[in-house]
Every structure is written in C-alpha cells, then in structure tokens.
Amino acid sequence: MITLALCTAIIITMALALVSFWLPNMVPDTEKLSPYECGFDPSSSARLPFSMRFFLVAILFLLFDLEIALLLPTPWASQLMTPLMPLFFSTLIISLLTLGLIYEWLQGGLEWAE
C-alpha cells in the first residue's frame, strides 16, 4: 500500500513538472527582464533623487506586515485561562496602528499625486 502511494505521488509530481515546462507562454518583455521591480532604471545614474512617497509606502507596508506577525498568536491566546491580557494587547496594537494610519492619511502622506 505504501509503495502504491509513493509511486502515485512520484508519477503525479513528474507529470506536473513536465506539464509546467510546456504550458506557460514565455514572452519576455523589457519590464520582466529588468532586474528591479521598484521602477528605477538600472542603467541610469545612481545619484538620482529618491522618491520619499515610495519610501513612505514601503515603510507603511512593513508596519502592517509586522502587525500580522504580532497578531498571529491571538487566536491561540484566546484559549488561555485568562485571555483578557493578550486580547487587551492585541486591541492596543490595532488601535495604535489605526491611529497612525489615520494620522498619515490626514497629513496627506498616502496620496501619490499632488
């Protein structure tokens, strides 16, 4: 039984690997061939001014990405005998990040065009 399951898994894996080479439509263009995805031209001067709005959006993305990492244990913390303290800290984190987002929004930091 184990041999049959192992052979089936190997056959399915090999079939999917072979199909993945034939199936995609490979049409490279200049954007896909570019080594950078951030919008900078890699062949131009490195001394060009950096967009602070791009930097701000990147930092905000990292902040909200870290929020997910901090809030990930919350469902398991709610299973504890005294779940009030972890839930309080989760609510505090969400409140602080929401206030920070509102502040950035009101200051106009999230607008791309002026």
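Just so we're clear, the structure is a prediction, and the values are computed from it rather than from any experiment.
- Evaluation of the side-chain hydrogen bond (donor to acceptor under 3.5 Å, both in side chains) test over residues 100-109, restricted to residues two or more places apart or in two chains, returns none.
- Summarising the hydrophobic clusters (Ile, Leu, Val, Met, Phe, Trp, Tyr; side-chain heavy atoms under 4.5 Å, direct or chained), the residues clustered with Leu106 are Ile102.
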Only distances under 3.5 Å count here; give the side-chain donor-acceptor pairs of residues 12-19 to other protein atoms, sequence neighbours excluded, each with its distance to 0.1 Å.
from	atom 1	to	atom 2	distance (Å)
Thr13	OG1	Ala9	O	2.6

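- With sequence neighbours left out, the side chain to side chain contact (heavy atoms under 4.5 Å, CB included) criterion links Leu99 to no other residue.
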Which atom pairs, one a donor and one an acceptor, fall under 3.5 Å between side chains of residues 83-95 and the rest of the protein, sequence neighbours left out?
from	atom 1	to	atom 2	distance (Å)
Ser90	OG	Thr74	OG1	3.0
Ser90	OG	Pro86	O	3.0
Thr91	OG1	Leu87	O	2.7
Ser95	OG	Thr91	O	2.7

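- Here CD of Glu67 is found 10.5 Å from CG of Leu96. Values are rounded to the nearest 0.5 Å.
- The one candidate from Leu4, Ile11, Ile10, Leu6 that meets the side-chain contact (heavy atoms from CB on, under 4.5 Å) condition with Thr8 is Leu4.
- With values rounded to the nearest 0.5 angstrom, Leu63 atom CG is found 12.0 Å from Ile68 atom CD1.
- In terms of the side chain to side chain contact (heavy atoms under 4.5 Å, CB included) criterion, Ala58 has no residue partners (sequence neighbours excluded).
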